[in-house]
Amino acid sequence: MTHDELLDRYAQLAVRSGLNLRKGQELLITAPLDAVPLVRRITEHAYKSGATLVTAFYSDDPATLARYRFAPDESFDTAPGWLFDGMAAAFRGGAARLAIAGEDPGLLAGQDPARLARANKARSIAYRPALELITGFAINWCVIACATPAWARSVFPQLREGEALAKLWSAIFSCCRADLPDPVAAWEEHSAALARRTTFLNERRYAALTYRGPGTDLVLGLAQDHVWKGGAGKARNGIVCNANIPTEEVFTAPHKDKVDGTVCSTKPLSYQGSMIDGIKVRFEKGRIVEMTAAKGEDAFRSLISTDEGAARLGEVALVPHSSPISRSGIVFNNTLFDENAASHVAVGQSYTENIRDGGNRSKDELAALGANSSLVHVDWMIGSGNLDVDGVHADGRAEPLMRQGEWAI
Ligand code: ZN
Ligand code: ZN
């Protein structure tokens with residue numbers, strides 16, 4: 001298949017399997033400027049599916065950098081609230097949302113951390129009304145990726161730009177199953193497999209998971225009333241969509257006070273422009289009490305020192321070692337892909353959707369059930385072909401969940 005054919009299938013996959021866009025819906029797209037050819041194809045498929053209006057907003061890396069070089073200091077407390085309010089209004093009016101990732105992972109690595117923090121904070125506050133409709137699943141939405149020259153250079157620094165870009169596209173197409181004969185059908189099948197696993201795990205109601213592997217010996221208690229999620233979900237507008245393409249994980253909320261033992265990372269983590277690798281931590285009653293890293297130890301230490309919740313876990317996810325992302329052997333420097341390469345945990349904030357009726361519970365109620373709260377949420381990989389995971393019932397009975405990194409259920 002030619003690149004154009006694959007790009008077209010990928011665009012169709014985003015509209016059909018990702019968004020499940022309905023006749024009469026508006027579509028709002030955010031994308032990097034390099035994604036124009038992909039956005040045009042998505043726009044075509046959206047109109048063919050009956051979209052009434054497709055509107056794309058583009059970001060441009062050099063323009064973002066120009067702000068850090070030339071803008072007056074007060075710029076960093078400014079955000080386009082009017083734009084985000086407009087997006088929120090579109091979502092309340094029934095629009096679907098597609099985000100296309102592809103930014104340069106190292107774009108802002110050299111910038112003043114204080115300015116970055118201020119700009120992020122101003123943006124988070126202004127974006128909140130729109131973000132709440134997205135994270136609260138009020139509408140059907142989806143995140144996909146687009147290979148861009150800067151991203152491709154960061155993933156394959158040893159290759160020439162053209163080759164790096166082609167290699168990144170081919171990895172994206174295969175990780176997203178866009179290179180299979182019928183990608184939409186393949187996603188349906190994949191989504192059904194994830195649903196079977198979450199159903200199984202939700203029926204079991206394990207009290208804890210135990211992990212054994214090289215350098216890993218961990219008991220990870222699960223939050224009370226935890227809910228396993230994964231794959232397609234039904235938005236509150238009634239539309240079933242796949243919020244992430246690709247996605248391979250099933251995930252839930254650990255108990256913030258009930259994690260004990262040691263665990264090692266198995267893949268490098270790219271965090272705010274730094275690479276962190278070879279993390280080894282020891283937990284006591286949920287909190288990280290000892291940590292070392294072969295690389296980027298200071299960056300990891302500063303991450304877990306952000307606040308009290310940053311040294312505790314907010315997510316646990318199971319991903320088979322044979323996932324297409326893992327098989328690619330590539331570190332993408334992008335969470336959409338990297339978190340689907342291996343079983344992982346995240347320090348920091350947990351998701352309210354991982355607690356039964358979480359959206360209607362107060363912060364204190366969520367904390368009492370074991371849900372964690374923090375300003376950060378960062379995934380790091382602990383899965384490999386050597387990892388065994390058991391599900392443990394409240395009475396201590398254990399059942400194998402994963403053996404040698406693969407599902408045993
Ligand atoms: Zn995850
Ligand atoms: Zn996560």
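Residue numbers run from 1 in the order of the sequence given. Only this structure's heavy atoms are used, side chains among them; waters, hydrogens and symmetry mates stay out. Note that ligands are numbered from 1 as they come in the structure, with each ligand's atoms numbered from 1 the same way.
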Of the N, O or S atoms in E339, the one nearest the Zn ion (ligand 1) =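 Checking each N, O and S atom of E339, the shortest distance to the Zn ion (ligand 1) belongs to OE1.
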Please name the atom of E249, restricted to N, O or S, that is closest to the Zn ion (ligand 1).
->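 The closest N, O or S atom of E249 to the Zn ion (ligand 1) is OE1.
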Measure from the Zn ion (ligand 2) to every N/O/S atom of E315 and report the name of the nearest one.
->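 Of the nitrogen, oxygen and sulfur atoms in E315, the Zn ion (ligand 2) lies nearest to OE1.
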Looking only at N, O or S atoms, find the one in H377 nearest to the Zn ion (ligand 2) and name it.
->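 Of the nitrogen, oxygen and sulfur atoms in H377, the Zn ion (ligand 2) lies nearest to NE2.
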Would R123 count as a cation-pi partner of Y127, with NZ or CZ less than 6.0 Å from the six-membered ring centre and within 45° of the ring normal?
->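 Yes; both conditions hold, so R123 lies above the ring face of Y127.
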Is a side-chain donor-acceptor pair under 3.5 Å present for S374 with E308?
->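 Checked: E308/S374 side chains show no N/O donor-acceptor pair below 3.5 Å.
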Distance-only polar pair, side chains of E315 and N372, donor-acceptor under 3.5 Å =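 Judged by distance alone, the side chains do not pair up.
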Output the distance between atom CD (E188) and atom OG (S17), rounded to the nearest 0.5 Å.
->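 So the gap between those two atoms works out to 7.0 Å.
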Walk me through it: do R67 and S75 pass the test side-chain hydrogen bond (donor to acceptor under 3.5 Å, both in side chains)?
-> CA-CA 8 Å; R67 181 183 181 200; S75 165; 2.9 Å; yes
Could you confirm whether D379 has any N/O/S atom lying under 2.8 Å from the Zn ion (ligand 1)?
->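 It does not: D379 brings no N, O or S atom closer than 2.8 Å to the Zn ion (ligand 1).
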